[in-house]
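Scroll down for the structure; my scribbles are underneath it.
Note that the structure is predicted; figures quoted are calculated from it, not measured.
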Amino acid sequence: MTLRRLAIAALALITLLTLVWGVPRLMGRSQESDAIRELARIARSAAIYYVKPKPDENGGRMVCQFPRGSIRTIVPASCCDKTVTLGGCACDPAKIEWNRTLWKTLHFQLLGPTAFVYAYEAAGTLGDARYTVSAYGDLDCDGTMSTFRIRGRGDPRSKADDCLVLDQTTFEAIQPDE
């Protein structure tokens, strides 16, 4: 083989390896960035809800709390489930019940396909208020999940007329072994 043919073969091999391993990893990183951005959006909505005065059923001021309850974008564990997928590993946003109270309260809705299942849960009031927002994604439908999570809480100094959120949220990323 001439040096030129050897160089062309090496370049073809590098291109093939990039397509096989590099492009899917790059796409996965893009989906992960989207998931982190959406988690931050949900967390920000929860914090605004906590500090913004709202009336209670008696006409007084509602006690400081994050939107209470728990909700998931879909029931299945991942977007690989055939009942919610667009094909491959992406959930069809049209198959998610965005009309549910918690998603509306959090002003959260996705318009495009996503590889992540989003979950929200919150409980407590004042300084005992806590929320957790999670994103679970099986990016190549092999049963291995990538998980991202943001946790926040009310400030212990919160009072009925002065709702404070701790400015330290915690972020957790649990990545599958590569």
Side-chain angles (χ1 to χ4, degrees), residues 27-79 81 84-86 89-139 145-176:
M27 294 303 289
R29 296 286 185 230
S30 172
Q31 291 169 336
E32 290 169 353
S33 295
D34 290 345
I36 293 166
R37 184 176 45 256
E38 296 303 338
L39 286 179
R41 191 166 65 117
I42 297 168
R44 185 174 49 250
S45 288
I48 290 169
Y49 183 92
Y50 183 91
V51 299
K52 189 174 180 182
K54 291 168 287 311
D56 66 12
E57 60 274 354
N58 299 324
R61 181 178 172 155
M62 183 187 291
V63 68
C64 309
Q65 62 186 355
F66 298 107
R68 292 163 127 185
S70 63
I71 194 167
R72 290 173 57 93
T73 50
I74 60 170
V75 174
S78 81
C79 290
D81 188 286
V84 295
T85 189
L86 281 170
C89 304
C91 278
D92 182 352
K95 295 184 179 175
I96 299 171
E97 296 179 39
W98 295 115
N99 221 10
R100 295 169 64 198
T101 303
L102 267 173
W103 289 137
K104 287 178 103 174
T105 301
L106 292 163
H107 307 289
F108 184 67
Q109 180 174 359
L110 297 172
L111 300 176
T114 180
F116 282 84
V117 176
Y118 295 91
Y120 169 87
E121 60 183 85
T125 60
L126 297 167
D128 292 326
R130 307 273 187 273
Y131 73 84
T132 302
V133 188
S134 305
Y136 308 98
D138 183 351
L139 301 180
M145 301 293 270
S146 293
T147 303
F148 300 100
R149 191 169 288 130
I150 294 178
R151 297 176 198 271
R153 57 191 179 118
D155 191 310
R157 297 172 293 171
S158 290
K159 296 179 248 168
D161 62 345
D162 190 18
C163 303
L164 306 168
V165 175
L166 283 179
D167 59 0
Q168 318 131 333
T169 57
T170 59
F171 175 76
E172 179 182 8
I174 304 165
Q175 294 298 310

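To the nearest 0.5 Å, atoms OH (Y50) and CG (L126) are separated by 5.5 Å. To the nearest 0.5 Å, atoms CZ (F108) and OG1 (T73) are separated by 7.0 Å. Interatomic distance, CZ of R130 versus CG of D128, reported as 6.0 Å (0.5 Å rounding).
Residue F66 comes nearest to A46 through the heavy atom pair CD2-O, 3.3 Å, listed as atom of the first residue, atom of the second, then distance. Contact between V51 and C163 at its shortest, heavy atoms only, is CG1-O, 3.4 Å. The two residues A77 and M145 come nearest to each other via the heavy atoms O-CE, 3.3 Å. A pairwise comparison of heavy atoms in R149 and Y136 identifies NH2-OH, 3.4 Å as the closest pair. Scanning both residues, R153 and V165, for their nearest heavy atoms gives O-CG1, 3.6 Å. Shown here for Y131 and A122, the closest heavy-atom pair between the two residues is CB-CB, 3.8 Å.
Every residue meeting the salt bridge (Lys or Arg N to Asp or Glu O under 4.0 Å) condition with E38, not counting sequence neighbours, appears here in chain and number order: R41. Scanning for side-chain contact (heavy atoms from CB on, under 4.5 Å) contacts around P113 gives L86, A90, with sequence neighbours left out. For the side-chain contact (heavy atoms from CB on, under 4.5 Å) test, residues two or more places apart in sequence or in another chain that qualify with L102 are P67, I71, Y120. Taking the side-chain contact (heavy atoms from CB on, under 4.5 Å) definition, one finds that S45 meets it with L106, H107, sequence neighbours left out. Partners of C91 by side-chain contact (heavy atoms from CB on, under 4.5 Å), not counting sequence neighbours, listed by chain and number: I74, C79, V84, T114.
Under the 3.5 Å distance criterion, the side-chain polar atoms of S158 are matched with a main-chain donor or acceptor of L164.
Pairs of residues two or more places apart, or lying in two chains, never qualify as salt bridge (charged side-chain N to carboxylate O under 4.0 Å, His left out) while including a residue from residues 62-79.
Inter-residue side-chain proximity for Y118 and L110 is flagged as met; some heavy-atom pair is nearer than 4.5 Å.
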